[in-house]
A.B. asks: 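Mind looking over this structure? Questions follow.
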There are 2 protein chains.
Amino acid sequence: MAKDDKRELLLQATLELVAKQGFHGAPCAAIAEHAGVAAGTIYRYFDNKDVLINELYLTLEQKITTALLEGYTLEMPFRERFLHLVKGVLKFFITSPLEFKYMEQFHHSPYGVAFRRDHMLGQTESGGSCSIYSELFTQGVAQQVIKDLPHVLLFDLAFGPIISVARNHILGFIQLDETLIEQIAEACWDSLKR
Amino acid sequence: MAKDDKRELLLQATLELVAKQGFHGAPCAAIAEHAGVAAGTIYRYFDNKDVLINELYLTLEQKITTALLEGYTLEMPFRERFLHLVKGVLKFFITSPLEFKYMEQFHHSPYGVAFRRDHMLGQTESGGSCSIYSELFTQGVAQQVIKDLPHVLLFDLAFGPIISVARNHILGFIQLDETLIEQIAEACWDSLKR
DNA sequence: ACAAAATGAATGATCATTCATTCACTACTC
DNA sequence: GAGTAGTGAATGAATGATCATTCATTTTGT
């Protein structure tokens, strides 16, 4: 068995259990069983449950950033870059329902609160994708192609609908296809453009 | 002491504790203490904790609907009605941070999942404000003033940003004023209008 | 004095975490 | 190559903490 195999198994089991049943449905005993190891083994790979939960979250953040940066260059026209990011986030989430559900649960739990407290203080956010958006909005406002609003609001206008739409797709309330994704992204653009 | 006084005290205590500390920070013992009653008293007014949690949620839904309907008539011009609802939701939430936080916690918890399972099956949703939006979108699409998209998506486009913005205001990441609220509502309109 | 309301210690269930023990595997000896 | 000791990984029963809920008892209002 490969060296960090059990570590991966535990992360995957946590992802699935939390995504499908929430944190309440993912006690250590269940995580271990689902990973095919004993409860005590968790503590050989992670200091405690909180560390496991947080490391998984960081892994997923990294996965999104990597996916978004694929085919993204600063040389692309502004509007095209915006649409690339918006559609990229939406497509990532609807093709990764477990990841979406996990991250959403995380955000609205004591873990998410603690995470923000610990990480959001350093304004620009460490290795995340925050700087991508910041750069984009700064340029868009300077070029007067998008509304002159605080970055936080621009972010909410652009990605608030995306999260909402992704959730409804994953919960089965709507079935998105390429055409609808295009229309949604255009609508987000309409809401930002000057 | 008035008749249902303790019932109200328990609901208020639950609202405050859950909003501020999440469901993890609101055990029955704490709720009772915060309400100034004994733990056992909870069960004189509510069958169990789940009933308390759900009744509080229904109360808050009712409060929003009432607030939204104030000054809203079907005779108003379409665009004005849309802006009324969007601004109404936003203003309700930023003036009721505890209510916002409670509802958000509720949505992303086992309670919210169970609630959707039990109530969302009856399509049009019982006494909620769902029919208001449904009526509005149907008319807007028919009049060709907004995009021809599924109602679910129209709802996400309109209110996804509102929830996001309200959260960031309440968490202190942005300070909304009347001007900004106006601009946000207009941006939501831009994203829907044809 | 009676009934309804309120109390809060006791109960039993559920968890995260620990740690004494077992297991699997390598290295070393003869 | 058979036997043996050494080592870290893995186990899972036991522990202690935290909860929701109950109910025998007390308090309050009439």
Side-chain angles (χ1 to χ4, degrees), chain A residues 1-58 102 105-106 108-115 118, chain B residues 1-58 102 105-106 108-115 118:
Chain A
M1 193 177 276
K3 197 158 153 254
D4 283 338
D5 212 7
K6 301 219 161 136
R7 191 172 199 280
E8 279 308 314
L9 285 173
L10 283 167
L11 286 169
Q12 184 64 26
T14 305
L15 173 66
E16 288 179 18
L17 281 180
V18 173
K20 289 176 183 162
Q21 332 219 39
F23 285 105
H24 284 260
C28 287
I31 291 174
E33 186 185 14
H34 201 254
V37 304
T41 305
I42 291 173
Y43 297 86
R44 191 151 282 289
Y45 295 94
F46 305 94
D47 279 353
N48 54 52
K49 194 186 183 184
D50 285 12
V51 170
L52 165 60
I53 299 290
N54 278 288
E55 291 216 2
L56 177 53
Y57 179 78
L58 288 173
Y102 182 88
Q105 305 258 12
F106 184 90
H108 300 282
S109 73
Y111 296 111
V113 175
F115 185 86
D118 298 345
Chain B
M1 193 177 277
K3 199 159 150 247
D4 282 338
D5 212 6
K6 300 217 163 141
R7 191 171 199 281
E8 279 309 314
L9 285 173
L10 283 167
L11 286 169
Q12 185 64 27
T14 305
L15 173 66
E16 288 179 18
L17 281 179
V18 173
K20 289 176 185 164
Q21 333 220 38
F23 286 105
H24 284 259
C28 288
I31 291 173
E33 186 186 14
H34 201 253
V37 305
T41 304
I42 292 174
Y43 298 86
R44 191 152 283 288
Y45 293 94
F46 305 94
D47 278 353
N48 53 51
K49 194 186 184 185
D50 285 13
V51 170
L52 164 59
I53 298 291
N54 278 286
E55 291 215 1
L56 176 53
Y57 178 78
L58 288 173
Y102 182 88
Q105 304 260 11
F106 184 90
H108 301 281
S109 73
Y111 296 110
V113 175
F115 185 86
D118 298 344

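Residue numbering restarts at 1 for every chain, and letters A, B, ... go by the order of the sequence lines. Just so it is clear, the structure is predicted and the values come from calculations on it, not from any experiment.
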A.B. asks: Distance from A:I31 atom CD1 to A:K49 atom NZ, nearest 0.5 Å?
C.D. replies: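 Separation between the atoms: 5.0 Å.
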
A.B. asks: Under 3.5 Å between N/O atoms: give me all the protein pairs with nucleotides 16-20 of chain C, atom names plus distance.
C.D. replies:
| from | atom 1 | to | atom 2 | distance (Å) |
| --- | --- | --- | --- | --- |
| C:dA16 | OP1 | A:K49 | NZ | 2.4 |
| C:dA16 | OP2 | A:C28 | N | 2.4 |
| C:dT17 | OP2 | A:Y43 | OH | 2.7 |
| C:dT17 | OP2 | A:K49 | N | 3.0 |
| C:dT17 | O5' | A:Y43 | OH | 3.3 |

A.B. asks: Enumerate the protein-to-nucleotides 7-9 of chain D contacts in which both atoms are nitrogen or oxygen and the separation is below 3.5 Å.
C.D. replies:
| from | atom 1 | to | atom 2 | distance (Å) |
| --- | --- | --- | --- | --- |
| D:dA9 | OP2 | A:R44 | NH1 | 3.0 |

A.B. asks: So if I take residues 11-19 of chain A and measure heavy-atom distances to DNA chain D, which residues fall below 4.0 Å?
C.D. replies: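 Per residue number, the list is empty: none.
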
A.B. asks: Could you give the distance from OG (B:S109) to NE2 (A:H24), rounded to the nearest 0.5 Å?
C.D. replies: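 B:S109 atom OG to A:H24 atom NE2 measures 7.0 Å (nearest 0.5 Å).
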
A.B. asks: Mind listing the closest non-hydrogen atom pair of A:V18 and A:Q105 along with its distance?
C.D. replies: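 Of all heavy-atom pairs spanning A:V18 and A:Q105, the closest is O-NE2, 3.5 Å.
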
A.B. asks: Rounded to the nearest Å, what distance is computed from the CZ atom of residue B:F46 to the P atom of nucleotide C:dA6?
C.D. replies: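 After rounding, the reported distance stands at 12 Å.
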
A.B. asks: Rounded to the Å, how far apart are B:L9 CG and C:dA5 P?
C.D. replies: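 These atoms are roughly 16 Å apart.
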
A.B. asks: Can you name the residues that form a side chain to side chain contact (heavy atoms under 4.5 Å, CB included) with A:E16, not counting sequence neighbours?
C.D. replies: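 A:E16: side chain to side chain contact (heavy atoms under 4.5 Å, CB included) contacts with A:Q12, A:K20, A:H34, A:L98.
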
A.B. asks: For B:L10 versus B:T14, what's the shortest heavy-atom pair and its separation?
C.D. replies: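 Residues B:L10 and B:T14, closest heavy atoms: O-OG1, 2.7 Å.
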
A.B. asks: Using 0.5 Å steps for rounding, measure from the CD1 atom of B:I53 to the OH atom of B:Y102.
C.D. replies: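 It comes to 4.0 Å.
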
A.B. asks: Are A:Y111 and A:Y57 near enough that their ring centres are under 6.0 Å apart?
C.D. replies: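 No.
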
A.B. asks: Can you sort out the partners of A:A30 under side chain to side chain contact (heavy atoms under 4.5 Å, CB included), two or more places apart, ordered by chain and number?
C.D. replies: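 Only A:L17, A:P27 meet the side chain to side chain contact (heavy atoms under 4.5 Å, CB included) criterion with A:A30.
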
A.B. asks: What residues form a ring pair (Phe, Tyr, Trp, His ring centres under 6.0 Å) with B:F46, not counting sequence neighbours?
C.D. replies: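 With sequence neighbours excluded, B:F46 shows a ring pair (Phe, Tyr, Trp, His ring centres under 6.0 Å) to no residue whatsoever.
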
A.B. asks: Would you kindly give the CD-to-C1' distance between B:E33 and C:dA6, to the nearest whole Å?
C.D. replies: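 From B:E33 CD to C:dA6 C1': 16 Å.
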
A.B. asks: Report the distance from atom OH of B:Y45 to atom CG of B:L9, rounding to the nearest 0.5 Å.
C.D. replies: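 Answer for the OH-CG pair, B:Y45 versus B:L9, is 9.0 Å.
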
